[in-house]
Amino acid sequence: MAGRPVCCYALRMAKRFENKVVWITGGGSGIGRALALQFVKEGATVAVSGRREDRLQEVVEELQAAGGKGLAVRCDVTDEASVAEAVQKVVRTLGGMDVAVANAGFAVAGRVEKLSATDWRRQLDVNVIGAAMTARYSIPHLRERKGRLALIGSVSAMMVSPRFGAYSASKYAVRAIGQTLSAELHGSGVSCTTIHPGYIESEIGQVDNQGRFDATKEDKRPKSLMWPADRAARVTVDAIAKRKREYVFTGHGKFGAFAGRHMPGLVHVGLTRGK
C-alpha cells in the first residue's frame with residue numbers, strides 16, 4: 001500500500017497536457033490522427049481539423065473510446081476565413097487553446113520543368129500558407145495561456161530529392177517560418193517547435209498532385225525506413241512538451257538532414273550518380 005500513492009502520483013505527473021486544449025490540422029489520418037491519440041493519452045482535449053468530415057468524426061470516436069474528449073472542426077487551410085472560423089470554434093467550444101499543431105500538408109510530385117504554376121500554387125497554398133495562417137490565428141489565443149505552437153516540416157527542408165522540388169521548397173519555407181516565429185515569439189511565453197520527420201506511415205504517398213486521396217495508389221516510399229505513426233507521435237509530442245525549437249527524427253532522417261546541411265556536395269553526387 002505504501003508504494004501505491006507513488007505509482008498514482010507518477011501516472012498523474014506523466015500527463016503533461018492534462019486539462020489542456022490541443023488543435024491539430026490535418027487531423028483525420030496519418031500522423032495527425034496519431035498525434036490526437038497521443039495528446040489524449042497525455043490528458044488533453046483534442047480538436048481535429050481537415051476537409052474530410054467523416055474522417056474527423058472517426059478520429060473523435062477513437063479519442064472517446066480511449067477515454068478522452070475530442071472535437072471535429074472542418075477546416076480548409078488554404079482558405080484564410082476557414083482557418084479563422086475553425087480557431088474561433090475551438091476556442092468557443094473548448095474554452096481556449098494551449099497547443100496548435102500545423103500538420104496539414106501533402107506532396108506534389110514531378111520534375112520542375114513539368115510542373116505548372118497551378119501545381120506550385122496548390123503545393124504552397126497548403127503546406128506554406130496553410131501553416132502560416134494556422135499560426136496567425138492561433139497565436140493570440142496561445143499567448144493567453146503561454147502555449148505551444150508546432151509546425152510539421154520534413155527532412156526535405158534540409159535535403160532535396162529529384163521530382164520533389166515543389167515539396168522540398170514548401171518544407172524549406174516551413175522551416176524558415178518556424179525559425180522566424182521562434183524569434184518573434186521569444187519572451188512571450190509561447191514556444192514554436194518545428195518538427196522534421198523522415199519517412200512516416202501516412203497517406204501522403206497515396207495523394208495525387210491535386211490533393212486527392214486514392215487508396216489504390218501504391219506508396220513507393222521505402223517501407224524498411226518507415227516509422228509507424230504512433231511512434232512518430234510520441235517523439236513529436238515529447239518535443240512539443242519540452243518546447244524544442246527544432247526536432248529531427250528518424251535515424252535515416254537525422255543522417256539525411258545532417259548530410260544536406262553539412263555535406264551538400266556529397267549529397268549532389270549521390271543524387272546524380274548514374275545520370
Side-chain angles (χ1 to χ4, degrees), residues 25-26 29-32 50-52 76-80 83 102-135 151-180 194-227 246 248 250 252-275:
T25 66
S29 64
I31 192 169
R51 294 179 302 171
R52 294 180 288 180
D76 180 351
V77 296
T78 67
D79 180 348
E80 184 174 0
V83 176
N103 170 68
F106 81 114
V108 164
R111 296 171 66 92
V112 173
E113 64 188 288
K114 299 292 185 181
L115 295 179
S116 67
T118 300
D119 292 326
W120 278 95
R121 291 190 183 99
R122 187 181 300 113
Q123 180 71 102
L124 300 179
D125 275 350
V126 175
N127 292 13
V128 181
I129 298 174
M133 293 303 99
T134 298
L151 312 180
I152 305 301
S154 170
V155 168
S156 294
M158 290 160 265
M159 180 177 172
V160 303
S161 299
R163 296 188 67 254
F164 287 95
Y167 179 71
S168 291
S170 74
K171 293 303 184 179
Y172 266 79
V174 168
R175 186 179 184 218
I177 293 169
Q179 291 175 324
T180 302
T194 307
I195 303 293
H196 301 293
Y199 293 117
I200 304 300
E201 288 179 354
S202 71
E203 294 178 352
I204 194 170
Q206 296 174 290
V207 176
D208 65 17
N209 285 4
Q210 285 71 47
R212 297 174 303 207
F213 171 68
D214 180 0
T216 65
K217 184 180 178 182
E218 181 186 0
D219 186 343
K220 296 182 180 180
R221 296 177 300 160
K223 291 181 175 56
S224 61
L225 299 178
M226 203 91 69
W227 267 32
E246 289 190 281
V248 181
T250 61
H252 73 274
K254 290 182 178 180
F255 175 78
F258 179 86
R261 286 178 293 174
H262 302 291
M263 298 182 288
L266 183 62
V267 170
H268 176 77
V269 171
L271 294 175
T272 57
R273 179 174 293 176
K275 285 195 173 184

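- No donor-acceptor distance shorter than 3.5 angstrom exists from the side chain of S154 to the backbone of A157, with no hydrogens or angles considered.
- Screening I195, T194, V174 against I152 for a side chain to side chain contact (heavy atoms under 4.5 Å, CB included) leaves a single residue, I195.
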From CA spacing to verdict: side-chain contact (heavy atoms from CB on, under 4.5 Å), M133, V77
CA-CA 7 Å; M133 293 303 99; V77 296; over 6 Å; no
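- For the atom pair F164 CZ and R111 CZ, the distance stands at 13.0 Å (nearest 0.5 Å).
- Residues that satisfy the side chain to side chain donor-acceptor pair (under 3.5 Å) test with S161, not counting sequence neighbours, are absent from this structure.
- For the pair W120 and A169, the tightest heavy-atom approach, listed with the atom from each and the gap, is CZ3-CB, 3.9 Å.
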Quick one: do M158 and V248 satisfy side-chain contact (heavy atoms from CB on, under 4.5 Å)? Show the steps, please.
CA-CA 10 Å; M158 290 160 265; V248 181; 4.1 Å; yes
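- The heavy-atom pair separating D76 from V83 by the smallest distance is O-CG2, 4.0 Å.
- Between A166 and L115 the shortest heavy-atom distance is CB-CD1, 3.8 Å.
- With respect to R122 and D125, no salt bridge is recorded, no charged nitrogen being found less than 4.0 Å from a carboxylate O.
- S168 is linked by a side chain to side chain donor-acceptor pair (under 3.5 Å) to nothing, counting only residues two or more places apart in sequence or in another chain.
- For the atom pair CD1 of I129 and CG of D79, the computed distance is 12.0 Å after rounding to the nearest 0.5 Å.
- Nearest heavy-atom pair, S156 versus Y167, reported as atom, atom and distance to 0.1 Å: OG-CE2, 3.6 Å.
- Residue A173 comes nearest to V128 through the heavy atom pair CB-CG2, 3.8 Å, listed as atom of the first residue, atom of the second, then distance.
- Between G105 and N127, the shortest heavy-atom contact is CA-OD1, 3.2 Å.
- Distance alone, capped at 3.5 Å, places no donor-acceptor pair between the H196 side chain and the R175 backbone.
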Show the atom names and distances, to 0.1 Å, of all donor-acceptor pairs under 3.5 Å that link a side chain in residues 254-271 to residues at least two apart or in another chain.
| residue | atom | partner | partner atom | Å |
| --- | --- | --- | --- | --- |
| R261 | NE | A257 | O | 3.2 |

